[in-house]
Amino acid sequence: MSEYNHHKIEAKWQEYWEKNKSFLVAEDRNREKFYGLVEFPYPSGDGLHIGHLRSYTAMDIICRYQRMKGKNILYPIGFDAFGLPAENYAVKKNIKPQETTAKNIINFTRQLKAAGFSFDWDRSLSTTDASYYRWTQWIFVQMFKQGLAYKAKQTINWCTSCKIGLANEEVVNGVCERCGGEVIKKDKEQWLLQITKYADRLIDDLDNVDYLDRIKSQQINWIGRSEGAEVNFQVAKSDQQIKVFTTRPDTLFGATYLVLAPEHRLLEELKNNISNWDEILKYIGEAQKKSDLERTELAKDKTGVEIKGVKAINPVNNQEIPIWIADYVLISYGTGAIMAVPAHDQRDFEFAKKYNIEIKQVVAHDTDEEVFTGEGKAINSGEYDGLTTAEFKKQITKWLTKEKFGRAAINYKLRDWIFSRQRYWGEPIPLIYCDQCDWQPVPEEDLPVVLPEIDNFLPTEDGQSPLAKVEDWVHTKCPKCGGVGMRETDVMPNWAGSNWYFIRYTDNKNDQQMVDPKKAEYWLPVNWYNGGMEHTTLHLLYSRFVYKFLYDIKAIPQKCGVEPYQKRTAHGMILGEGGIKMSKSKGNVVNPDDYLTKYGADATRLYEMFMGPFDQAIAWDEKGVTGVAKFINKVWALQAKVVAGAVIDKKITTALHQTIKKVGDDIVNMRFNTAVSQMMILVNLWEKAEEINQDDWQKFILVLSPFAPHLAEELWLAIGHQNSLCQVPWPSYNPKLIIADEFELVVQINGKVRDKINVAINITQQEVEDLVKKSDKLAKFLTDQTIKKIIYIPNKLVNIVV
RNA sequence: GGGCGAGUGGCGGAACUGGUAGACGCGUUGGACUUAAAAUCCAAUGAGCUAAACACUCGUGAGGGUUCGAGUCCCUCCUCGCCCACCA
């Protein structure tokens with residue numbers, strides 16, 4: 001037997017699968033479908049990341065397994081190619097993003113094929129193809145028509161380096177998630193999508209899907225639903241009111257001042273009544289200049305200014321209380337104003353202490369602490385004294401509503417989604433502005449609005465999209481009145497294309513509609529979606545929202561259900577050698593090509609599965625790859641021992657059937673590392689055997705095939721099969737054969753292991769006791785002792801208490 | 001500060017609903033083959049005590065508890081990782 005040559009054999013089977021379209025799939029109503037999905041890559045110039053390979057291998061194994069279990073498998077791949085990195089790269093190298101993207105997709109495709117994934121390549125797509133983004137634009141138009149897309153002047157996060165507005169989700173620690181640039185607050189007209197309208201459903205529907213708990217809780221926390229009340233405080237000697245949101249309306253009697261965010265609109269209206277307007281103006285200016293980073297850095301020392309000449313009236317006791325302005329109150333949450341209860345809120349307490357504002361206890365508590373944020377019986381609250389927090393909340397909310405001083409209210413941390421970017425490399429927003437008719441959607445038959453190819457795609461200093469300079473593109477007709485129309489020049493964010501790509505895979509060539517409902521009905525929802533934790537509050541949440549919208553307008557058949565993904569799992573990150581994050585600057589980036597070439601796809605796949613628990617972060621270790629490469633060579637060499645009708649050793653039969661069961665179970669539970677080790681155990685046993693029975697061998701090849709498909713195909717061919725094993729059924733195991741007929745009985749005395757005896761299975765307790773009494777080893781522990789108790793665990797151990 | 005998770009040999013990690021801790025792999029050591037090396041094969045490999053083996057003792061972040069029996073369950077504490085964070 002010649003040595004295993006992965007170069008030759010892997011290339012051969014990759015060619016075979018491609019030529020025979022082994023993984024081409026179509027709807028088949030007679031077969032149960034299985035839709036396995038992985039996050040499609042962003043085709044960067046660096047090529048595929050080793051982490052992509054891990055996630056894709058895992059889902060490839062699951063899909064290959066399900067295929068062998070008889071299911072009709074959809075396992076697609078595509079490219080998420082719009083976005084800033086391509087554009088930044090294009091700017092740097094002065095090459096059109098169209099060109100770099102096309103080049104990168106070719107490179108990614110080559111790499112993905114070299115890894116031996118069972119993708120149906122006929123369903124591939126790129127978000128940058130006009131035939132695809134036509135429907136991304138179509139979805140936007142539907143949202144616009146339903147009133148979910150709206151333009152508004154917003155205080156937004158502005159990246160000073162990328163020169164674009166960012167969603168909250170894209171600001172990390174006060175800096176831009178993409179480039180690390182400084183983020184400041186800026187007023188800007190932006191298109192927004194009303195994701196907040198779906199906030200409750202995005203929380204509630206999580207009950208009906210199978211997501212990892214940490215994914216669910218992260219989404220719930222991100223949406224950040226909190227229930228409470230809105231309270232209106234009358235401004236004394238004015239017809240103005242200040243609305244605040246609070247989760248503790250029961251502490252209303254302890255509200256000793258109000259605080260407005262510096263950006264609060266009411267300030268301007270009260271201007272004439274404010275005696276220290278200059279001071280206020282100065283504070284507003286300072287707050288505006290601060291970046292998010294500075295604001296949070298200064299979190300410990302709160303600042304503020306009292307608004308002189310204006311007071312608010314606390315509706316529960318008609319007391320006049322001071323109004324302050326402070327940047328610890330955020331304009332973007334709730335109403336942008338709070339009632340401060342320093343006795344029962346940490347932040348209000350710090351502020352009140354610093355500025356000597358009255359602190360009034362209204363919740364009884366035993367602790368010595370000056371601030372008590374827990375629940376308890378009400379005090380100093382007039383007729384409400386003695387009520388529990390929960391009961392007080394109920395009654396006061398009722399009273400507020402009756403007296404028109406407020407109402408029950410729910411607030412979310414989630415904000416509407418800023419959906420425009422002042423850049424070039426994205427889907428043009430398909431809207432036209434007309435002086436007469438305001439904003440009008442581009443008629444559906446005119447979609448797509450093709451992104452014009454231009455030479456100067458640099459972002460502009462004034463924050464306008466580079467498209468604004470393409471005059472013959474901007475100037476158009478109003479679709480409603482036929483008059484002068486101007487195209488929207490902002491483009492969509494990079495999330496737009498990934499919102500719905502999994503829908504398009506089910507019908508990627510349709511030029512009549514987004515998707516054929518019949519096809520969608522067969523394939524959707526996705527059975528299993530694996531991806532990264534970093535997308536939990538971005539892509540995963542966004543795409544659930546967009547899917548729900550499409551469901552509501554019946555673009556998705558009702559039969560598909562309200563959730564796009566039945567199951568969501570997440571892989572752990574692969575770290576560089578030594579356990580630090582891979583990065584170019586540290587020079588510890590692992591290039592998949594090196595491993596695919598040196599060790600082969602099967603070895604790389606096996607290693608990535610064997611290296612550790614799939615859901616945990618783990619450091620790359622080249623030495624580990626040599627271990628699985630040895631395993632492959634061992635398996636290859638074992639062929640020489642295969643004999644048809646060879647005598648089967650009972651121990652090996654047991655191990656084989658255990659392997660069939662364990663590998664199958666482990667695949668479904670994503671416990672790939674133990675699946676690989678179980679196969680190694682079987683192979684180690686065979687190494688010691690004289691001969692291997694061919695039927696057994698055949699079963700093993702099938703079990704191995706999802707992990708190391710090239711090797712398995714070649715072995716399959718070698719024992720005389722003509723066709724690929726991709727569609728061959730997964731072998732079944734015999735539950736009776738899994739149990740060995742002998743076992744090692746562990747004898748414990750007072751819980752300590754004192755002896756191990758080989759005995760036949762299903763031995764009775766009486767027989768065990770007799771055996772124990774006869775044992776010489778145990779004699780010294782048992783003589784002169786009275787046996788108090790004997791605990792026997794069948795087929796495992798016996799514990800004698802003396 | 002809040003949420004989630006994790007601490008097991010030299011290393012990555014196994015251990016089902018409490019039942020032999022350290023599977024499998026890496027590394028290391030010794031041996032075989034070789035002129036030599038690589039590759040391959042064989043053996044050993046938690047610590048202590050032993051010349052060695054048997055035996056024994058100790059061992060899953062620390063301390064307590066429940067149990068015949070705890071890596072696993074309960075309480076207290078420590079450390080680390082990730083996500084969020086002035087969210088009213």
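The sequence lines fix the lettering, A, B, ..., with proteins before strands; numbering per chain opens at 1. Model, not experiment: these values are computed from the prediction.
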(message) Could you identify the nucleotide paired to rC73(B), looking across every strand shown and requiring Watson-Crick or G-U wobble geometry with both distances under 3.5 Å?
(response) rG65(B)
(message) Using only modelled atom types and a 3.5 angstrom limit, is any donor from either the side chain of Gln748(A) or the base of rG19(B) paired with an acceptor on the other?
(response) yes
(message) Let's test this: given Watson-Crick or G-U wobble pairing with both distances under 3.5 Å, identify the partner of rC41(B).
(response) rG31(B)
(request) Can you label the angle between the Trp417(A) ring and the Tyr542(A) ring as parallel, tilted or perpendicular, going by 30° and 60°? (result) parallel
(message) With a 4.0 Å limit, can you tell me whether Asn684(A) has a side-chain N or O closer than that to the phosphate oxygens OP1/OP2 of rG25(B)?
(response) yes
(message) Mind checking if Ile618(A) touches a base, just sugar-phosphate, or nothing, with heavy atoms under 4.0 Å?
(response) sugar-phosphate
(request) If the plane angle is over 60° it's perpendicular, under 30° parallel, otherwise tilted; pick one for Tyr328(A) and Phe351(A). (result) tilted
(request) Could you give the distance separating rA53(B) and rG46(B) at their P atoms, to the nearest angstrom? (result) 12 Å
(message) Nearest to the side chain of Thr247(A), heavy atoms from C-beta on, is which of rU57(B), rG12(B), rA88(B)?
(response) rA88(B)
(request) Report the distance from atom CG of Asn633(A) to atom P of rU40(B), rounded to the nearest whole Å. (result) 8 Å
(request) Could you work out which one of rC41(B), rA88(B), rA14(B) sits closest to the side chain of Thr674(A)? (result) rA14(B)
(request) In plain terms, say whether Glu39(A) and Arg568(A) are close enough for a salt bridge, that is, a side-chain N and a carboxylate O under 4.0 Å apart. (result) yes
(request) Take atom CZ of Phe631(A) and atom P of rG25(B), then tell me their distance rounded to the nearest Å. (result) 10 Å
(request) Report yes or no: do Tyr595(A) and Glu622(A) form a side-chain donor-acceptor pair below 3.5 Å? (result) yes
(request) Would you kindly say whether Asn530(A) and His571(A) are connected by a side-chain donor-acceptor distance under 3.5 Å? (result) yes
(request) Taking only the side-chain heavy atoms of Lys756(A) (C-beta and beyond), determine which of rA15(B), rU20(B), rC24(B) contains the nearest atom. (result) rU20(B)
(request) Measure the distance from CD1 on Ile632(A) to P on rG25(B) and round it to the nearest whole Å. (result) 14 Å
(request) Give Thr536(A) one of three labels, base, sugar-phosphate or nothing, depending on what nucleic acid heavy atoms sit under 4.0 Å from its own. (result) nothing
(message) Output the rounded distance in Å from CG (Asp615(A)) to P (rG12(B)).
(response) 17 Å
(request) Kindly assign one of parallel, tilted or perpendicular to the pair Phe245(A) and Tyr333(A), based on the angle between their ring planes and the thresholds 30° and 60°. (result) perpendicular
(message) What I want to find out is whether Asp594(A) reaches Lys598(A) closely enough, with some N-O distance under 4.0 Å, to be called a salt bridge.
(response) no
(request) Please state how far atom CG in Asn221(A) lies from atom P in rC84(B), giving the value in whole angstrom units. (result) 11 Å
(request) Consider the side chain of Ser217(A), meaning its heavy atoms from C-beta on, and name the nucleotide among rC86(B), rG3(B), rC24(B) that approaches it most closely. (result) rG3(B)
(request) Ignoring the backbone of Pro613(A), work out which of rA21(B), rC56(B), rA14(B) is nearest its side chain. (result) rA14(B)
(message) Go nucleotide by nucleotide along RNA chain B from the 5' end; which of Lys752(A) and Lys623(A) gets its closest nucleotide reached first?
(response) Lys623(A)
(request) Could you please name the option among rG19(B), rC86(B), rC4(B) that lies closest to any side-chain atom of Ile791(A)? (result) rG19(B)
(request) Round to the nearest Å and state the distance from Phe349(A) atom CZ to rG1(B) atom P. (result) 16 Å
(request) Between Met533(A) and Arg214(A), just flag the one whose closest nucleotide in RNA chain B comes earlier from the 5' side. (result) Arg214(A)
(request) Give a yes/no on whether any side-chain N or O of Asn673(A) is located under 4.0 angstrom from OP1 or OP2 of rC24(B). (result) no
(message) Which nucleotide, if any, forms a Watson-Crick or G-U wobble pair with rA23(B), using both distances under 3.5 Å?
(response) none
(request) Just compare rG19(B), rU20(B), rC26(B) and give me whichever is closest to any side-chain atom of Lys630(A). (result) rC26(B)
(request) Quick one: label Asp213(A) by what it contacts on the DNA or RNA (base, sugar-phosphate, nothing), any heavy atom closer than 4.0 Å. (result) nothing
(request) Using only heavy-atom distances, decide whether a donor-acceptor pair under 3.5 angstrom links the side-chain of Lys789(A) to the base of rC68(B). (result) no
(request) Could you check whether the rings of His365(A) and Phe372(A) sit parallel, tilted or perpendicular, using 30° and 60° as the cut-offs? (result) parallel
(request) Please tell me which of the listed nucleotides, rA21(B), rG19(B), rC24(B), lies nearest to the side chain of Val753(A)? (result) rA21(B)
(request) Find the distance Gln219(A):CD to rC82(B):P and express it as a whole number of Å. (result) 21 Å
(request) Determine the contact category for Gln346(A): base if any of its heavy atoms lies under 4.0 Å from a base atom, sugar-phosphate if only primed atoms, P, OP1 or OP2 are that close, otherwise nothing. (result) nothing
(request) State the pairing partner of rC16(B); accept Watson-Crick or G-U wobble contacts with both distances under 3.5 Å, and report none otherwise. (result) none
(message) Rounding to an integer number of angstrom, what distance separates rC33(B) and rC41(B) when you compare their C1' atoms?
(response) 8 Å
(message) Rounded to whole Å, please give me the gap between CE in Met680(A) and C1' in rC26(B).
(response) 10 Å
(message) With a 3.5 Å limit on both atom pairs, tell me what rG48(B) is paired to, counting Watson-Crick and G-U wobble, or say none.
(response) rC56(B)
(request) Using a heavy-atom cut-off of under 4.0 Å over every strand shown, decide if Val801(A) touches base, sugar-phosphate, or nothing. (result) sugar-phosphate
(message) Quick check on rG22(B): syn or anti? Syn means the glycosidic torsion is within 90 degrees of zero.
(response) anti
(request) Look through every strand shown and name the nucleotide pairing with rA85(B) as Watson-Crick or G-U wobble, where both distances are under 3.5 Å. (result) none
(request) Determine: side-chain N/O of Arg754(A) to OP1/OP2 of rC56(B), distance under 4.0 Å, yes or no. (result) yes
(request) Remember a base hit wins even if backbone is also touched, and classify Asn799(A) as base, sugar-phosphate or nothing at under 4.0 Å, heavy atoms. (result) base
(request) Output the single nucleotide from rG19(B), rA88(B), rC24(B) whose closest atom is nearest the side chain of Leu797(A). (result) rG19(B)
(request) Describe the nucleic acid contact of Arg225(A) in one word from base, sugar-phosphate, nothing, applying a heavy-atom distance below 4.0 Å. (result) nothing
(request) Can you figure out which of rC86(B), rC24(B), rA88(B) approaches the side chain of Asp327(A) most closely? (result) rC86(B)
